[in-house]
Amino acid sequence: RAHLPHDAGIAQLAGGWAHILAGDLTRALELETQALERLSVERDPHAHAAAHAGRAWALAEMGRYREAEQAGRRALRLAEDLGGGGLVSFAAWGLSRTYGLDGEIEQALEMGRLSATHAATPLDGVLAGCHVGWALCRTGEAERGPALNALPCYSVTRSGGRIRVEDFG
C-alpha cells in the first residue's frame, strides 16, 4: 500500500504507461492525470515529465492532438530544464509521434531529429530513427530516412554473426 502521495503517484504513472501499452487509453489518461496531481515537480521532475509524456501519448492516440501537443511540450520543457539527455529524447520522440499521427509531418521530422540528437542510449537512438523514418514513410519519401547507422550517436555493425550497437559518444 502506498503510504505517501508521491509513492501513489509513481504507481499511477507506471499503471498509466501499462494501460497505454495495453490500449486502454481512457484509463491511461485517468492514471497519468492522477499521477500529476500527486507528483511534485520539485521532488521528482523526471517522473513529472514522464507523466506529461504519458498523457501526451494517450491523447494523441485518442485523436486529441492539440491537448497531446500541450502535454508533450510540458514534458519537453521539463526535460530541457533538467539538462537534456535521454528525457529530452523521450519527450521529443513522443511529440514526433503526436505530430505524425496528426499529419504534421515536418514537425514530426523536427521532433524526431531532436530526439535523435539527444539520444542517451542505443534504444533512444533507434526509437528516434524509427520515428523519423515513420514520418517520412507517411510522405511517401522513405528513402530520405536515415539508415540506422546514420543516427547521431550510434551505429549498428555486423560482427561475428551478431548485431552490436557501438556508442561513438
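Predicted, not measured: the structure shown is a model, and the values here were computed from it. Sequential numbering from 1 along the given sequence is applied to the chain's residues.
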Inset, instruction - Evaluate the side-chain contact (heavy atoms from CB on, under 4.5 Å) criterion for residues Glu110 and Leu114: first the C-alpha distance (whole Å), next the side-chain angles of each, then the deciding distance (0.1 Å), finally the verdict. - result: CA-CA 6 Å; Glu110 177 185 338; Leu114 179 65; 5.8 Å; no
Inset, instruction - List the steps and the verdict of side-chain contact (heavy atoms from CB on, under 4.5 Å) for Asp124 and His118. - result: CA-CA 8 Å; Asp124 291 341; His118 288 277; over 6 Å; no
Inset, instruction - Give a yes or no on whether the backbone of Ala92 and the side-chain of Ser96 come within a donor-acceptor separation of less than 3.5 Å. - result: no
Legend entry - Short side-chain to backbone donor-acceptor contact, Ser115 and Met111, under 3.5 Å: no
Looking at [Y] and [X], is any side-chain nitrogen of the basic one under 4.0 Å from a carboxylate oxygen of the acidic one?
X     : Y      : answer
Glu67 : Arg55  : no
Arg66 : Asp102 : yes
Glu30 : Arg27  : yes

Inset, instruction - Have a look at Arg97 and tell me which of Glu69, Glu104, Glu61 forms a salt bridge (Lys or Arg N to Asp or Glu O under 4.0 Å) with it. - result: Glu61
Inset, instruction - Applying ring pair (Phe, Tyr, Trp, His ring centres under 6.0 Å), run through Tyr99 and Trp134 and close with a yes or a no. - result: CA-CA 11 Å; Tyr99 288 129; Trp134 177 67; over 10 Å; no
Return the minimal non-hydrogen interatomic distance between [X] and [Y], and the atom names on each side.
X      : Y      : result
Ala28  : Ile20  : CB-CG1, 3.4 Å
Ala75  : Ala49  : CB-O, 3.4 Å
Ala51  : Leu39  : CB-CD1, 4.5 Å
Ala68  : Thr98  : CB-CG2, 3.7 Å
Val132 : Gly112 : CG2-C, 3.5 Å
Ile105 : Ala135 : CG2-O, 3.6 Å

Inset, instruction - Test side-chain contact (heavy atoms from CB on, under 4.5 Å) on Leu36 and Gln12 and set out the steps. - result: CA-CA 9 Å; Leu36 285 169; Gln12 288 166 321; over 6 Å; no
Inset, instruction - Let me see the working for Leu29 and Leu25 under side-chain contact (heavy atoms from CB on, under 4.5 Å), right down to the final yes or no. - result: CA-CA 6 Å; Leu29 188 57; Leu25 302 173; over 6 Å; no
Legend entry - Separation of Arg113 CZ from Leu109 CG (nearest 0.5 Å): 4.5 Å
Legend entry - Interatomic distance, Ile10 atom CD1 to Leu4 atom CG [nearest 0.5 angstrom]: 11.5 Å
Legend entry - Parallel, tilted or perpendicular, as decided by the 30° and 60° cut-offs, for the rings of His48 and His52: perpendicular
Hey, any chance [X] and [Y] share a hydrophobic cluster, counting ILVMFWY side chains that come within less than 4.5 Å of each other, even indirectly?
X     : Y     : answer
Trp17 : Leu31 : no
Leu82 : Leu13 : yes
Leu87 : Trp93 : yes

Legend entry - Trp57 and Tyr65 aromatic centres sub-6.0 Å: no
Legend entry - Passing candidate, side chain to side chain donor-acceptor pair (under 3.5 Å) with Ser40, options Arg38, Glu42, Arg43: Glu42
